[in-house]
2 protein chains.
Amino acid sequence: MSNSQITIKDIAKALNVSVSTVSRALNDSPDLSGATKLQVQEYARQHHYKPNLLALSMKKRESKTIGVIVPQIIHHFFSSVLEGMMDVAEREGFNVLLFRSRDSFEKEQHSVQQLISSQVCGVLTSIAKETTHYEHFQELVDHNIPVVFFDRICVDIPSNRVVIDDYAGALAATEYLIKTGCHRIAFFCSPLNLEISKNRRGGYLDALSKHGISVDKDLIKICDNYDEAIPVATEMLQSENRPDAFFAVNDETALGILHATKHLHFKIPEEISICGFTDGFAAIASDPQLTTVGQSGQDVGRSAMELLVEKIRHKGDQPLIKNKIIKTKLIVRETTR
Amino acid sequence: MSNSQITIKDIAKALNVSVSTVSRALNDSPDLSGATKLQVQEYARQHHYKPNLLALSMKKRESKTIGVIVPQIIHHFFSSVLEGMMDVAEREGFNVLLFRSRDSFEKEQHSVQQLISSQVCGVLTSIAKETTHYEHFQELVDHNIPVVFFDRICVDIPSNRVVIDDYAGALAATEYLIKTGCHRIAFFCSPLNLEISKNRRGGYLDALSKHGISVDKDLIKICDNYDEAIPVATEMLQSENRPDAFFAVNDETALGILHATKHLHFKIPEEISICGFTDGFAAIASDPQLTTVGQSGQDVGRSAMELLVEKIRHKGDQPLIKNKIIKTKLIVRETTR
DNA sequence: AGGTACAGTGCAAACGTTTTCACTGACAAA
DNA sequence: TTTGTCAGTGAAAACGTTTGCACTGTACCT
């Protein structure tokens, strides 16, 4: 019933040696006689001795723990990122302290405070939607704790970043549609204040101009969810100058378009091609299965963690800022030719 | 550049008082003069003093941290569970140390060791598929660390558990199919060594007998994934004594059945009803959308965390074992009448 | 004046480690 | 014998806190 964690002291007392000796034996220090060392190690093993990480961290002033703050966990992209981070953390011997902001500024701020208090040796985060000022992150920097932002980065703080190559992904997808014979390609995107939106739109536009297709403003819609996509796509499909392809900023929107297209009995992909962005679960579950731009959350997570670990290892060095851009991959399924 | 975490000592030195005074001031102790107290608090605030949680945990011998081990993170159910756990952890003031077993026994074992070393005050876990013996969990119990198992529980260890009510969920779903006019209901399930499989099958069988429908062995198949479901369902649908409904042990299998049914041009739900189990992303993305038994991962996570916190708070008390069964909810969509 | 009460404060131990320094004894070299 | 070397070990400080105890001084009561 005792909170019986056996300590180095207990071993010392039991074996009638000093704590220093026990410590050295357990760390396999070279300046210790074979006999004593073995005796201590044996005793420790038998009694399931476990070093107290708290005491250790305190002594060494580094905790081998990394803090992660995500806006949400039930979310295909973020859970993938988390999974990728765990891959690297495990390999590199770091533990992970998890926080979730729910896109609330206040919670994010509180999480950062907790992380500093917890003496984490690094932080990975994707900022909350609500967040517009960044003193709390600056505090991390002031405390000399390395930070890597991923996906939703913080532009105001000089920091390491890992982002998706939205531009190239959109460019490749649009080019693929063009190459498979589409020339009137509609584009459904989010409001342009979001960075990803701008970049994906840029890729779309550049692909058109690269292939000598002029931009038709009527083909570009601000519309980024399932429900809105249905009426918007329906109207476009019924116009006489209808598009022959749709490219959507995310999979949900693409599914809305798919729904509308099927409803009007257009043949997919013979008459209408559709391409999404993300490659979440939905892309495979839909019928026909959705062609989409795959963004590997796991790669983002892995890269972010790798970058962070590198920063931690070379903490004394020049504070060089490194960014990493994760490639996307076009995943061709049944909604394109 | 210094690892400049300001400490209680620094404050004491700067203000020319003792560390005890500072400590008391920061903890708003009643036996301290107003003036000094305010002065200290003000100084601490200005210099962004943050208590060192490591030192605190060591002193108090409790870390306010809870360890969580999940088999996987990119997984609708487990990420939901995690989200639910965070809800409660946040509310109750606990931090979460996250581990992932990848269904490997070895990793699970290692995670447990880390958790003990980290002095967590409780552990939540769903055991790895590989795991068949439980010494590592027993060690937690021996160390007097409360454990709550969720979903994949550990039968050999007397412990608190949170599970899904598979039996009732399957019973309700089957009854719904019967009430909407189906009498030849096929059942696709996992191998019967899994607990959930047994329970869901039990619910199915009891629903039939409750409504006076005799069991047809040919309608029960061991088949629990998308790819296998397609040929199996196809064959059943082509037999002369075909089923008029399918109930599958998970959503993926149900989608395979859906695929086969559509391919053979049966009308859904007029001719064939289909029901899944889980209510993941896929259920909404499919066309038609899938009727399924919803199991709330978030509720599981919340309940598990609540149970654990209760255990931690009443650690001295009688070690009463509490189990919690999470209700499922039938979510009727388009694949049933 | 003598005593009590108490507010305000500091000292030091403790939590479990690591690590520097110093000590002991044995043995070899002079 | 004296000196030096070295292997083996222990004492103690330190990491940042909290807290029981002891000390000071002032104010109040007889």
Side-chain angles (χ1 to χ4, degrees), chain A residues 2-41 43-44 47-65 114 116-121 143-144, chain B residues 2-41 43-44 47-65 114 116-121 143-144:
Chain A
S2 63
N3 217 340
S4 58
Q5 185 80 308
I6 184 179
T7 76
I8 228 175
K9 284 188 187 174
D10 300 325
I11 302 183
K13 208 174 295 172
L15 263 45
N16 212 19
V17 292
S18 73
V19 285
S20 354
T21 302
V22 177
S23 172
R24 282 189 267 253
L26 294 174
N27 290 314
D28 210 21
S29 153
D31 48 41
L32 209 59
S33 89
T36 323
K37 190 190 277 190
L38 284 179
Q39 197 193 8
V40 171
Q41 289 175 346
Y43 187 93
H47 290 74
H48 298 112
Y49 167 77
K50 302 248 172 356
N52 183 326
L53 235 51
L54 260 43
L56 238 164
S57 300
M58 230 191 112
K59 186 71 190 150
K60 301 213 167 169
R61 317 180 83 193
E62 55 145 14
S63 64
K64 278 292 191 179
T65 298
Q114 283 292 311
I116 297 178
S117 261
S118 302
Q119 316 290 113
V120 292
C121 43
H143 279 284
N144 200 24
Chain B
S2 63
N3 218 341
S4 57
Q5 184 82 308
I6 185 179
T7 75
I8 228 175
K9 283 188 188 175
D10 300 324
I11 301 183
K13 210 175 295 172
L15 263 45
N16 212 19
V17 292
S18 74
V19 285
S20 355
T21 303
V22 177
S23 171
R24 282 189 265 252
L26 294 174
N27 289 316
D28 210 22
S29 154
D31 46 43
L32 210 58
S33 89
T36 323
K37 191 190 276 191
L38 283 179
Q39 195 192 12
V40 170
Q41 289 175 347
Y43 187 93
H47 291 73
H48 298 111
Y49 167 78
K50 303 246 170 356
N52 184 326
L53 235 53
L54 260 44
L56 237 164
S57 300
M58 228 188 114
K59 185 69 189 156
K60 301 213 165 169
R61 315 180 85 193
E62 56 147 11
S63 63
K64 279 289 192 180
T65 297
Q114 283 292 311
I116 298 178
S117 262
S118 301
Q119 316 291 115
V120 293
C121 42
H143 280 281
N144 200 24

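Just so it is clear, the values below take in all heavy atoms, side chains as well, and ignore hydrogens, waters and symmetry mates. Proteins come first, then strands; the chains are lettered A, B, ... in the order of their sequence lines, and each starts at number 1.
The NZ atom of A:Lys50 lies 4.5 Å from the NE2 atom of B:His143; values are rounded to the nearest 0.5 Å.
In this structure, the side chain to side chain contact (heavy atoms under 4.5 Å, CB included) partners of B:Ser57, at least two apart in sequence or on a different chain, are A:Leu54, B:Ser63. B:Thr36 pairs by the side chain to side chain donor-acceptor pair (under 3.5 Å) definition with B:Ser33, not counting sequence neighbours. By the side chain to side chain contact (heavy atoms under 4.5 Å, CB included) test, B:Ser23 pairs with B:Ile8, B:Asn27, sequence neighbours left out. For B:Lys59, the side chain to side chain contact (heavy atoms under 4.5 Å, CB included) criterion is met by no residue, not counting sequence neighbours. Every side chain to side chain donor-acceptor pair (under 3.5 Å) that A:Thr21 has, sequence neighbours left out, goes to A:Ser18. A search for salt bridge (Lys or Arg N to Asp or Glu O under 4.0 Å) contacts involving B:Lys37 returns B:Asp28, not counting sequence neighbours. Residues passing the side chain to side chain contact (heavy atoms under 4.5 Å, CB included) test with B:Lys60, sequence neighbours excluded: B:Leu56, B:Glu62.
Side-chain atoms of A:Arg24 and base atoms of D:dG8 include no donor and acceptor less than 3.5 Å apart.
Rounding to whole angstrom units, CG of residue B:Leu54 and C1' of D:dT18 are separated by 16 Å. Nucleotide D:dA13 holds its P atom 12 Å from the NZ atom of B:Lys9, rounded to whole Å. Here D:dA14 presents its P atom at 16 Å from CE of B:Met58, a figure rounded to the nearest Å.
In this structure, A:Thr36 reaches the sugar-phosphate backbone alone: every heavy-atom distance under 4.0 Å involves primed, P, OP1 or OP2 atoms, never a base. Residue contacts for A:Lys37: at a heavy-atom cut-off of 4.0 Å it reaches no nucleic acid atom on any strand shown.
Applying the salt bridge (Lys or Arg N to Asp or Glu O under 4.0 Å) test to pairs two or more places apart or on separate chains, none has a residue in residues 14-24 of chain A.
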Any protein N or O atoms within reach of nucleotides 23-28 of chain D? Criterion: under 3.5 Å, listing atom names and distances.
none

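Here the side chain of B:Gln119 pairs no donor or acceptor atom with the backbone of A:Asn52 at under 3.5 angstrom. Looking only at distances, no side-chain donor or acceptor of B:Ser118 sits under 3.5 Å from a matching main-chain atom of B:Val120.
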Take A:Lys64 and A:Leu53, measure what side chain to side chain contact (heavy atoms under 4.5 Å, CB included) needs, and give me the verdict at the end.
CA-CA 9 Å; A:Lys64 278 292 191 179; A:Leu53 235 51; over 6 Å; no

Decide yes or no on side chain to side chain contact (heavy atoms under 4.5 Å, CB included) for A:Tyr49 and A:Val40, but give the supporting numbers first.
CA-CA 11 Å; A:Tyr49 167 77; A:Val40 171; over 6 Å; no

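Computed from C1' positions of five pairs at each end, the angle between the two local axes of the helix from C:dA1-D:dT30 to C:dA30-D:dT1 equals 70°, rounded to 10 degrees.
Distances from the side chain of A:Lys59 to the nucleotides D:dT17, D:dG20, D:dA13 place D:dA13 closest.
Within residues 14-22 of chain B, the residues approaching DNA chain D are B:Ser20, by heavy-atom distance under 4.0 Å.
The phosphate of D:dT17 has neither OP1 nor OP2 within less than 4.0 Å of any side-chain N or O from B:Ser23.
Chain A approaches DNA chain C within less than 4.0 angstrom (heavy atoms of the protein), and the contacting nucleotides run 5' to 3' from C:dC15 to C:dT20.
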